[in-house]
Amino acid sequence: MSSRVQNIRGMRDHLPSAMILRQYIINTLTSVFERYGFEPLQTPIVEYAETLDGKIGDDEKLIYRFEDHGGRKVALRYDQTVPLARVVAQYQGQLLFPWRRYAIGQSYRGERPGRGRYRELWQADIDIVGSASPVADAEILAVLTDALTALGFTGFTTLISHRQVLGGIARVSGLDEAAAGNVYRAIDKLDKIGIDGVRNELLQSGVAPDAVERILALIDLQGGADEVLDELERRLQGDERAQQAIANLRAIIGYARAMGVPEERIVIAPRLARGLSYYTGAVFESIVQNPPMGSLLGGGRYDELIGMFAGRSIPTVGLAFGIERLHDVMEELGMGPASRTIAVALVTLFNPEMAPESLRLAQELRQAGLMIETTLDPSEKLGKQLQYADRRGIPYALVLGPDELARGEVVVKHLCSGEQRSVARSAVAGMLASAAESQRAPRTANEQGGLHERQTS
RNA sequence: GUGCCUGUAGCUCAACGGCAGAGCGCCUGACUGUGGCUCAGGAGGUUGUGGGUUCGAGACCCAUCAGGCACCCCA
């Protein structure tokens, strides 16, 4: 047993350079959510185990459970959807429906950690509670499209399906409800293992060969959204629930188009199963091909979950952005803010005599709204101070020596290029403000390579 | 939870069962108002941890912890 200091497996520490990216992600998502009128909600990380039980399906064994000091059985939340359902039930009288809320926080899953999988994971949830309208589903699609675009993603795809399309596929293939679970899991892997892989898995799980071929033909439909829906409608004829689901998807996509969701972002994917058992209607998830990272977000309509707490059915649609995956992908692609530090400039201390004047300069700039760091040791050599600023990635260093003070100027040195100018002290703040602006401009997925590299030559 | 692979300096990695090393990074100086380049010097290790085999273990065996990949599943 090691006594080394160590964080818990599958739970990450985020040092400042990573946190700058995470906060950028969270701030960007928040501003998009609020643009649609979503309101913030925060709930505890710990819930009564009973609240979580029986809501999410097979993955229940992944819930972290323990007893509190009074012997009560409690659990760490597995997602932010079940707590939302609890809140809606508990405060029904105070809430006005439809209610749009967002929640950004961590959940816990006792999985084996791997790429894109952690035991502590942050998610940004949005849900529209109390509306069965396809406009609500469409709005969720519009928000996720805006949000991923605002973060700088340019090549994502949102897969859309419906629980009753999947159910229809199972029913017209002659499968009973018990066998269907295995079938859903197998066909959900289509992108990963290919059509032959799915065929093998279905055959191995005991599905009749002719049923397998019917299923494969349905889940492998290619083409635009309308085209695929037409084909599904034809092939699932006679299954009333599937027909209603297809009509529902047509309505959702129609409204989403009206809200400006681009055609090429949307793919009707009958194979999409999604793990959580509480979904009842449309389901969706967004993926990027490069780098491979599973889904960046996932969600759907769950009209009955809240009813398990509230005693009456309250139709709801929502989704969760996976902050961990957004973070990892954006990190890999060099997306997000170009700057990896907070400070825009280091105010150097020229020598012990000049230090108070430099500290006054720093305060002037802070009061102008700039993020300014100063050297702490007044006797440190100027060279060391510049080296510190450069290594921290602080874009500018300011030098205020006796000569500058006499002229009422400050030397502003740009560390990447090495260029420096002596400028009027009153002009420094304006100069740094515009520099800070461009430093914070985010890079998109397309711009990777080039912009990000520090110019060291 | 299952299987496979990997843990050596801050980082990337060497070292046949036989004296623990290199590159990069770091520190000091050459450089008394300016970082990066160059040169000279220097520091830095309980080889993840615990046990075992052996005259001798970084290497072999067992356990354990951590990381990666594939399952399972998911954000």
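So that the names make sense, note that chain A is the first sequence line, chain B the second, and so on, each numbered from 1. Keep in mind it's a predicted model, so treat the numbers as computed, not measured.
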query: Distance between the C1' atoms of B/A75 and B/U12, in whole angstroms?
result: 32 Å
message: With a 3.5 Å cut-off and heavy atoms only, can you find an N or O donor on one side and an acceptor on the other between the side chain of A/R109 and the base of B/A75?
response: yes
task: Rounded to whole angstrom, note down the P distance from B/A70 over to B/U28.
output: 44 Å
task: Sticking with atom C1', work out how far B/G41 lies from B/C55, rounded to a whole angstrom.
output: 41 Å
message: Could you tell me if A/Y36 and A/R100 have a donor-acceptor pair between their side chains, going purely by distance under 3.5 Å?
response: no
statement: Separation of B/U34 atom P from A/L349 atom CG, nearest Å, is 16 Å
query: Under 3.5 Å, is there an N or O donor on one side and an acceptor on the other linking the side chain of A/Q387 and the base of B/U34?
result: no
field: Check: B/C26 base within 3.5 Å donor-acceptor of A/R391 side chain
entry: no
- prompt: Is a donor-acceptor contact shorter than 3.5 angstrom present between the side chain of A/E404 and the base of B/G33?
  reply: yes
task: For B/G23 versus B/G29, give the span between their P atoms, rounded off to a whole number of Å.
output: 23 Å
query: Between A/E67 and A/K73, is the closest basic N to carboxylate O distance under 4.0 Å?
result: yes
query: When you compare B/G58 with B/U2, how far apart are their C1' atoms, in angstrom units rounded to a whole number?
result: 30 Å
Between B/G10 and B/G44 - P atom distance, rounded Å: 11 Å
query: Do A/T43 and A/R86 have side-chain N/O donor and acceptor atoms under 3.5 Å apart?
result: no
query: What distance separates A/E304 CD from A/T316 OG1, expressed to the nearest 0.5 Å?
result: 10.0 Å
- prompt: If the C1' atom of B/A43 is compared with that of B/G48, how far apart are they to the nearest Å?
  reply: 24 Å
